[in-house]
2 protein chains.
Amino acid sequence: MLSQMEAFLERVEQCNTLGELNQVVAGLRDVFQVNHVVYHSVNSDGEPYALATYDADWAEHYEKEELYRIDPVVLSAFQRFNPYSWKSLSWEKKPARRFFLEAMDGGVGNQGVSVPIRGPHGEFSLFSLSHTCSDEEWSKFLSHWMSDLLLIGHYLHSAVRVLENMDEITEYVSLSPRETDALRLLGAGMNRGRAAEFLKISEHTLRVYIESARFKLGAANTTHAVAKAMAQGLISI
Amino acid sequence: MLSQMEAFLERVEQCNTLGELNQVVAGLRDVFQVNHVVYHSVNSDGEPYALATYDADWAEHYEKEELYRIDPVVLSAFQRFNPYSWKSLSWEKKPARRFFLEAMDGGVGNQGVSVPIRGPHGEFSLFSLSHTCSDEEWSKFLSHWMSDLLLIGHYLHSAVRVLENMDEITEYVSLSPRETDALRLLGAGMNRGRAAEFLKISEHTLRVYIESARFKLGAANTTHAVAKAMAQGLISI
DNA sequence: TGAACACTAGCCGTTTATGGCGAGGTCACC
DNA sequence: GGTGACCTCGCCATAAACGGCTAGTGTTCA
């Protein structure tokens, strides 16, 4: 099994188009013996898109009705770190329950697992499997494949990054230490007075840093500068 | 080897204190046969901290001189998705070269690899190994252990999340569509007037969105709200 | 059916940020 | 030995953000 997974990861790395990647993702259905496989990516500027084996009817319905607004799998995704079984989500509320029934109708299955993946520039992906089986079977499946799911999610995301030219390390701009300090503290919620106090410099001096950082980043104001610096990985809060 | 890794991952999951985790991390030195192992975590509000096997002298020197400001490993970390060899970084500039020599002196080694890990609330971790060997040996080492490094990084981060009670699914902060719009536009550099115009609502109404978003996010001001929303993946610019 | 929440809107006063003017120091690098 | 990048400080005026007040609609849900 291990070698099968290694071979798969290599295949992912060698994909040159999203179409090929789609084929490879679809091929996972046979590897895992599950109903469906989905890789859904949200990169920072572009449109979100999905590589999925779902029936066209269900996919269209999902899209048209904007079901991601009520889909518990999607709604909780941003809060999760580890892969999570869909059974662990809250399906009590009415829209969620209706969604579940519709998804069953759409051939998704009664079980599922999703792997959240986060990239450097706010990119976010969700790699999911869905199936029809009992809770025990699914739980067994998950504990067996957990690590592989993590790795596949990572490699898929990496492949997409390469295809979208997002893997280039662009040396955007470099901020001086003080500029970094200033933006970090402002991003952390301090006003200029507090930040200056924290850095033990005059408020005016702080302003100089903010403005030079703004200039370097081509930002219109402080908020913009902080947002750009975060997006470029220059600061983190 | 596989079973050894599985056993290790289980040990990580069973740690009840950071001290135990530190022991386990240190134990990786024997598994991988490398000079040093480091797990460095930056969670959004709290203090950053490290579990490292470095000599106290070097750790102290690093801390005192704020070497993370010039450490290429750290500086490029936020832009990376895949594990990266330290050799792939740019060491041309003078401060970086001096840092490299000092690190060698500090017993770090001439080779290294770092695995970036991102969590749901803007948390960021770096799991690194460092060693002394030739480029070819290190390259071989990396291609052999790559997947395991990814998994270990993930499990370490997960363990820290559990120990810090960060794994609880807090009644998720969800922003309304309008709140999201507001923060996104402000993060993109518009002032309130422009953003309101763009959304075709009154400036006051926009303010209501900003303030409710601020309240939800526990942010002190607009800049803070945008930064937090970005860190949590709620918006992207 | 009432509570909770999203969306919409205005006014007033205070605080904070920004834009523009100035100055002087260290340090590295060519 | 100059050039540029970085760090430090002050004053003045305007623009913008913030805090607090009130008030209506519509939807959703218990």
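Letters go in sequence order (proteins before strands), and every chain restarts at 1.
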Next item on the list: For A:H40, enumerate each residue passing the side-chain hydrogen bond (donor to acceptor under 3.5 Å, both in side chains) test, keeping only those at least two apart in sequence or located in another chain.
Entry: none

Item checked: Residues which pass side-chain contact (heavy atoms from CB on, under 4.5 Å) with B:E203, listed by chain and number, not counting sequence neighbours -> B:R192, B:A196

Check: Residues from residues 187-197 of chain B sitting under 4.0 Å of DNA chain D, heavy atoms only?
Finding: B:N191, B:R192

Next item on the list: State whether B:S176 places a side-chain N or O below 4.0 Å from either non-bridging phosphate oxygen (OP1 or OP2) of C:dC7.
Entry: yes

Notebook entry, point to check: Is the closest basic N to carboxylate O distance between A:E123 and A:R118 below 4.0 Å?
Noted result: no

Item checked: Atom-to-atom span, CD1 of A:I201 to C1' of C:dG25 - whole angstrom -> 15 Å

Note to self: Can you pull out every salt bridge (charged side-chain N to carboxylate O under 4.0 Å, His left out) where at least one residue sits in residues 71-87 of chain B? Sequence neighbours excluded, please.
What the structure shows: B:K87-B:D135

Notebook entry, point to check: How long is the line joining NZ of B:K93 and P of D:dA5, in whole Å?
Noted result: 12 Å

Check: Base, sugar-phosphate, or nothing for B:K200, non-hydrogen atoms under 4.0 angstrom?
Finding: nothing

Margin query: Just the rounded figure in Å: distance from P of D:dA5 to OH of A:Y209.
Written below: 16 Å

Next item on the list: For DNA chain C, find the residues of residues 217-226 of chain A with a heavy-atom distance under 4.0 Å and give them by number; none if there aren't any.
Entry: A:N221, A:T222

Acceptor/donor pairs from residues 212-219 of chain B side chains to any protein atom, 3.5 angstrom cut, sequence neighbours excluded:
{"from": "B:S212", "atom 1": "OG", "to": "B:E179", "atom 2": "OE2", "distance (Å)": "2.6"}
{"from": "B:S212", "atom 1": "OG", "to": "B:V208", "atom 2": "O", "distance (Å)": "3.1"}
{"from": "B:S212", "atom 1": "OG", "to": "B:Y209", "atom 2": "O", "distance (Å)": "3.1"}
{"from": "B:K216", "atom 1": "NZ", "to": "B:S174", "atom 2": "O", "distance (Å)": "3.0"}
{"from": "B:K216", "atom 1": "NZ", "to": "B:E179", "atom 2": "OE1", "distance (Å)": "2.7"}

Check: Starting at CD of A:E179 and ending at P of D:dT8, how long is that distance when rounded to a whole Å?
Finding: 11 Å

Next item on the list: Measure from CZ on A:R178 to P on C:dT26 and round the result to the nearest Å.
Entry: 18 Å

Check: Residues in side-chain hydrogen bond (donor to acceptor under 3.5 Å, both in side chains) with A:D57, at least two apart?
Finding: none

Margin query: Pairing donors with acceptors under 3.5 angstrom, does anything connect the side chains of A:S202 and A:T205?
Written below: yes

Checklist line | Phosphate-side-chain proximity, B:K94 and C:dC29, N/O vs OP1/OP2 below 4.0 Å | finding: yes

Between the protein and nucleotides 10-13 of chain D, are there any N/O to N/O pairs under 3.5 Å, and if so, what are the atom names and distances?
{"from": "D:dG10", "atom 1": "N7", "to": "A:H204", "atom 2": "ND1", "distance (Å)": "3.2"}
{"from": "D:dG10", "atom 1": "N7", "to": "A:H204", "atom 2": "NE2", "distance (Å)": "3.1"}
{"from": "D:dG10", "atom 1": "O6", "to": "A:H204", "atom 2": "NE2", "distance (Å)": "3.0"}
{"from": "D:dC11", "atom 1": "N4", "to": "A:H204", "atom 2": "ND1", "distance (Å)": "3.3"}

Item checked: Whole-Å gap separating P (D:dC7) and CG (A:D181) -> 9 Å

Check: What pairs with B:E92 under side-chain hydrogen bond (donor to acceptor under 3.5 Å, both in side chains), at least two apart in sequence or on another chain?
Finding: none

Margin query: What is the separation between atom CD1 on A:I70 and atom P on D:dT28, rounded to the nearest whole Å?
Written below: 12 Å

Note to self: Tell me if the aromatic rings of A:H131 and A:F141 count as close, with their centers under 6.0 Å from one another.
What the structure shows: no

Notebook entry, point to check: What residues form a side-chain hydrogen bond (donor to acceptor under 3.5 Å, both in side chains) with A:T222, not counting sequence neighbours?
Noted result: none

Next item on the list: Scan B:T205 against the nucleic acid and name what it touches under 4.0 Å (heavy atoms): base, sugar-phosphate only, or nothing.
Entry: base

Notebook entry, point to check: With A:P177, which residues qualify under side-chain contact (heavy atoms from CB on, under 4.5 Å), at least two apart?
Noted result: B:R69

Check: Within this structure, what is the CG-to-C1' distance between B:L199 and C:dC7, rounded to whole angstrom?
Finding: 12 Å

Check: Can you list every salt bridge (charged side-chain N to carboxylate O under 4.0 Å, His left out) pair that touches residues 95-106 of chain A, not counting sequence neighbours?
Finding: A:R98-A:E102

